[in-house]
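Residues: numbered from 1 along the sequence shown.
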Amino acid sequence: MNDMKDQRIELRLPQQQLEELDSFIDSIDTHFKPTRSDVLRSFIAQGVRGKFHPAHSEANDFPLG
């Protein structure tokens with residue numbers, strides 16, 4: 001059985017980035033507006049998948065040995 005638990009991470013963002021994040025959320029044209037946390041989790045997941053995906057052009061940025 002997989003006993004993975006969510007872990008908390010604290011991010012401190014400059015006011016300008018918070019305003020950009022809020023602007024991005026406001027630009028989403030749906031009835032449901034995601035929270036800042038939802039959007040940041042999505043961005044982090046996309047970045048991790050993109051960075052470590054074998055087809056990524058900069059895959060050698062993180063040597064594994």
Peer 1: Quick one: CG on Leu11 to OG on Ser37, what's the gap to the nearest 0.5 Å?
Peer 2: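 Rounded to the nearest 0.5 Å, the CG-OG separation comes to 8.5 Å.
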
Peer 1: For Gln16, does the CD atom have more than 12 heavy-atom neighbours from other residues, nucleotides or ligands under 6.0 Å away?
Peer 2: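 Open: at most 12 neighbouring heavy atoms sit under 6.0 Å from CD of Gln16.
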
Peer 1: Nearest 0.5 angstrom please: Arg36 CZ to Arg41 CZ, how far?
Peer 2: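 These two atoms lie 13.5 Å from each other.
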
Peer 1: Can a donor-acceptor pair be found, under 3.5 Å and without considering hydrogens, that links the side chain of Asp26 to the backbone of Ser23?
Peer 2: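 No: the side chain of Asp26 does not pair with the backbone of Ser23.
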
Peer 1: Enter the distance from Asp38:CG to Lys33:NZ here, rounded to the nearest 0.5 Å.
Peer 2: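 One gets 13.0 Å once the value is rounded to the nearest 0.5 Å.
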
Peer 1: Would Leu18 and Ile9 show up in the same hydrophobic cluster when neighbours are defined by side-chain heavy atoms closer than 4.5 Å?
Peer 2: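 Leu18 does not cluster with Ile9.
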
Peer 1: When rounded to the nearest 0.5 angstrom, what distance separates CG in Leu40 from CD1 in Ile25?
Peer 2: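 It is 7.5 Å, given to the nearest 0.5 Å.
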
Peer 1: Is it true that Arg12 and Glu10 have a side-chain N and a carboxylate O under 4.0 angstrom from each other?
Peer 2: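 Counted as a salt bridge, because a side-chain N and a carboxylate O are separated by less than 4.0 Å.
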
